[in-house]
Amino acid sequence: MRDGVRLATDVYRPAGQDGVVGTALPVLLVRTPYDKSAAGQETEWAHWFTARGYVVVIQDCRGCFGSEGELGFLGCEAEDGHDTVGWVRAQPWCDGQVGTWGTSYVGWTQTATAAAGTEGLAAIVPNQSGANGYTSSIRHGGALELRWIAWMFWHSARNTQSALKAQPWVDAALNLDPIPFGQWLRRWPIRPGATQLALVPPYERLAFALLSHEDNDDFWTNPGINPAAHLDRFTDAPTLLMGGWYDSYTRATFELFEGLSVSKTGPVKLIVGPWSHDRTGETSAGDLWFGQDAAIDVIGTHLRWYDRWLKKRPNGADHDPPVRIFVMGGGSGARGPQGRLSHGGQWREEFEWPLARTVYVPYYLHQDGGLSPQPPAVDEASTTYRFDPADPVPTIGGNVSSLFEAPGLPPGVSGPGDTFLFEGIQNLVEPGGFDQRESAHLYGCQPPYLPLAARADVLVFQTDPLIDDLEVTGPIEVRLWVTTTAADTDFTAKLIDLYPPSAAYPHGYALNLTDSIIRLRYRDGGTPSPLPPGHITEVTITLYPTSNLFVAGHRIRLDISSSNHPRFDVNPNTGEPLATRRRHVIADNTVFHDTQRASRIILPTVPCPG
């Protein structure tokens with residue numbers, strides 16, 4: 001690299017009858033923090049692509065496994081990616097064209113390289129990757145996605161870099177007898193020097209950087225963390241973005257697509273399926289089954305993209321519509337494979353995002369718990385609930401990663417990608433769609449295990465059973481008129497497809513579709529603006545986009561609360577910096593729903609055929 005640090009790099013070259021193919025070929029580059037030498041998707045795909053006429057280069061990111069230097073957590077990936085592409089293009093086996101692939105962090109390394117204006121990038125395929133880490137995917141409405149702190153615990157244990165674990169007790173403390181992350185959540189916030197991260201200083205520094213940078217300051221402008229802020233420098237390479245409705249990067253995927261579609265001339269395409277994180281191409285997400293049509297040939301999709309732009313083969317990839325989405329819903333509602341809810345769905349091609357034919361319909365909250373397009377007719381109406389930070393609403397499914405168990409692995413063994421084992425067989429969070437009922441195996445749930453709607457701090461607003469099918473596809477906002485008795489607090493929103501009772505589900509099924517959060521002092525953006533207790537204001541909660549067909553007979557439900565843990569960190573309501581707080585207070589939070597303060601969710605409805 002430009003600073004002299006050496007990054008460990010493997011090169012896979014095609015073999016012919018007489019040995020290695022000697023002609024210069026296009027190169028596919030993968031830069032990963034997850035061990036280039038591990039027997040996983042990257043090495044399997046490397047052999048597959050070399051058999052089809054590509055050179056593949058897989059590299060350990062800085063500070064990871066075989067590479068030198070100190071882990072920079074996205075902050076160094078733009079420069080390192082730029083320098084690596086330059087090195088690759090200078091090799092005699094490269095024809096000057098470089099493509100990239102990778103999921104999650106490995107998607108960030110692609111966009112970081114492109115955001116550095118790197119020459120030679122000829123095709124990129126960021127899968128389930130970020131855009132602006134402050135507005136989603138790392139922080140979110142001012143709150144922190146705790147999966148990244150969990151990632152620090154997991155990755156530091158797995159990372160075998162010799163400089164990081166020069167002393168034998170470091171690895172022992174991280175792997176042989178670690179304190180589970182779930183235990184640290186019970187003593188939150190963590191303190192410098194108190195956790196096993198103190199033995200791996202780069203990880204501790206990074207964890208506390210994420211915890212302490214609550215404002216939208218310069219930390220969040222780095223092209224590795226916020227590639228969307230550097231679209232003017234972005235390499236104009238053909239870009240195929242892939243994502244999932246239950247992925248932790250859904251909002252970022254669409255934001256990057258919208259930004260690149262406007263700022264670049266190169267083709268920008270988007271594929272979004274009904275998948276959770278690191279499960280691209282599968283037929284299920286959480287407790288949902290979408291049918292065999294939900295599956296796609298992921299590696300074949302990549303090859304088609306590379307063949308078109310790196311080998312100039314006229315395979316039609318350039319003529320595909322810009323957007324291909326899977327519209328969830330419309331299934332039988334019976335129990336499908338492995339007992340999952342048969343939610344169904346179908347693929348559809350579109351030409352823009354948001355869809356031009358979208359009709360944005362406000363659904364208003366009503367005093368009786370109703371939700372309808374009719375505005376409230378009552379002059380004064382509100383609902384007040386008590387939010388106790390010591391008893392947060394548990395996370396049940398959703399757009400999460402890094403906080404769930406890798407099934408089938410023994411305690412202490414990590415799974416692929418961002419999966420992470422905590423406390424033996426206990427899951428902290430499971431990604432995807434689930435009935436919104438508490439369970440003994442989920443973090444924060446206490447007996448009796450009841451529906452979340454039974455909690456006093458969860459406000460439920462729902463429509464009457466729908467007379468006709470209703471498709472909701474696009475970005476979603478919830479606008480609430482609120483006040484609080486505390487110095488600061490949070491408000492959360494969750495959109496639910498409420499199934500009626502059936503033979504398969506006698507109690508019905510409250511299916512989570514998308515959710516989000518707003519920290520009250522960040523209601524106007526990344527600069528804190530404290531709201532005096534008792535003052536009334538309107539806040540906007542930006543939910544992740546989704547696409548779902550609400551079938552006739554179902555209800556549309558909106559849940560409002562003030563916590564969703566451990567998906568997000570919990571607000572202590574004191575107004576103090578969360579990274580160093582030592583106390584919390586109980587808040588009485590109020591949501592208004594009257595003629596002058598009409599709280600509502602704005603749904604992007606799409607006319608159904610016929």
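The model shown is predicted, which means the values in this text are computed figures rather than measured ones.
Under the 6.0 Å distance and 45° angle rule, R139 does not count as a cation-pi partner of F219. Geometrically, R52 engages W48 in a cation-pi contact, judged by NZ or CZ lying under 6.0 Å from the ring centre and within 45° of the ring axis.
Contact between N222 and G75 at its shortest, heavy atoms only, is ND2-O, 3.0 Å. The nearest pair of heavy atoms linking T514 to I476 is CG2-CD1, 4.1 Å. Between E42 and I58, the shortest heavy-atom contact is O-CD1, 3.6 Å. A pairwise comparison of heavy atoms in Y544 and S136 identifies OH-CB, 3.8 Å as the closest pair. Summarising the geometry of P227 relative to T111, their closest heavy-atom pair is CG-OG1, 3.7 Å, with the distance given to 0.1 Å. Across every non-hydrogen atom of R13 and V11, the tightest pair is CG-CG1, 3.8 Å.
Taking the six-membered ring for Trp and the full ring otherwise, Y306 and W101 have centroids separated by 6.0 Å or more. Taking the six-membered ring where the residue is Trp, the centroids of Y443 and W184 are separated by 6.0 Å or more.
The OG1 atom of T492 lies 11.5 Å from the CG atom of N571; values are rounded to the nearest 0.5 Å. Atoms CD and OG1, on E255 and T253 in that order, are 9.5 Å from each other to the nearest 0.5 Å. Atoms CZ and CG, on R158 and D35 in that order, are 6.0 Å from each other to the nearest 0.5 Å. From T540, atom OG1 reaches atom CZ of R523 across 11.5 Å, with rounding to the nearest 0.5 Å.
Side-chain contact between R6 and S67 is absent, with no heavy atoms from C-beta onward closer than 4.5 Å. Using a 4.5 Å heavy-atom cutoff, the side chains of V56 and H47 are not in contact. A heavy-atom distance below 4.5 Å is found between the side chains of Y249 and S104. Looking at T113 and V85, their side chains come closer than 4.5 Å, going by heavy atoms from C-beta outward. When side chains are defined from C-beta on, L270 counts as touching F254, because their heavy atoms get closer than 4.5 Å. Under the 4.5 Å side-chain criterion, counting only non-hydrogen atoms from C-beta, R147 is in contact with S137. Looking at heavy atoms from C-beta onward, P267 lies in side-chain contact with W309 at the 4.5 angstrom threshold. Looking only at side-chain heavy atoms (C-beta outward), P322 and W353 stay at 4.5 Å or farther from each other.
Within a 6.0 Å sphere centred on CD of Q91, heavy atoms belonging to other residues, nucleotides or ligands number more than 12. Within a 6.0 Å radius of CZ in R191, other residues, nucleotides and ligands contribute more than 12 heavy atoms.
Applying the side-chain hydrogen bond (donor to acceptor under 3.5 Å, both in side chains) definition to pairs two or more places apart or across chains, those involving residues 197-214 are E70-R205, H155-Y203, N159-Y203, H213-D217, E214-R521. Each side-chain hydrogen bond (donor to acceptor under 3.5 Å, both in side chains) pair with one or both residues in residues 231-242, not counting sequence neighbours, appears once here: D236-T265.
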Test log, rule salt bridge (Lys or Arg N to Asp or Glu O under 4.0 Å), inputs R2 and E79: CA-CA 8 Å; R2 65 188 65 181; E79 292 81 2; 5.3 Å; no

From CA spacing to verdict: salt bridge (Lys or Arg N to Asp or Glu O under 4.0 Å), R304, D320: CA-CA 11 Å; R304 184 168 178 259; D320 290 343; 2.5 Å; yes

Trace of the side-chain hydrogen bond (donor to acceptor under 3.5 Å, both in side chains) decision for T221 with N226: CA-CA 6 Å; T221 63; N226 190 350; over 6 Å; no

Worked verdict on M242 versus T103 for side chain to side chain contact (heavy atoms under 4.5 Å, CB included): CA-CA 9 Å; M242 302 181 73; T103 298; over 6 Å; no

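Among D569, I190, T580, L206, the one residue that satisfies the side-chain contact (heavy atoms from CB on, under 4.5 Å) test with L211 is I190. No option in F73, F208, W154 other than F73 meets the ring pair (Phe, Tyr, Trp, His ring centres under 6.0 Å) test with W148. Considering T195, L174, I179 as possible partners of F153, the one that fulfils the side-chain contact (heavy atoms from CB on, under 4.5 Å) test is T195.
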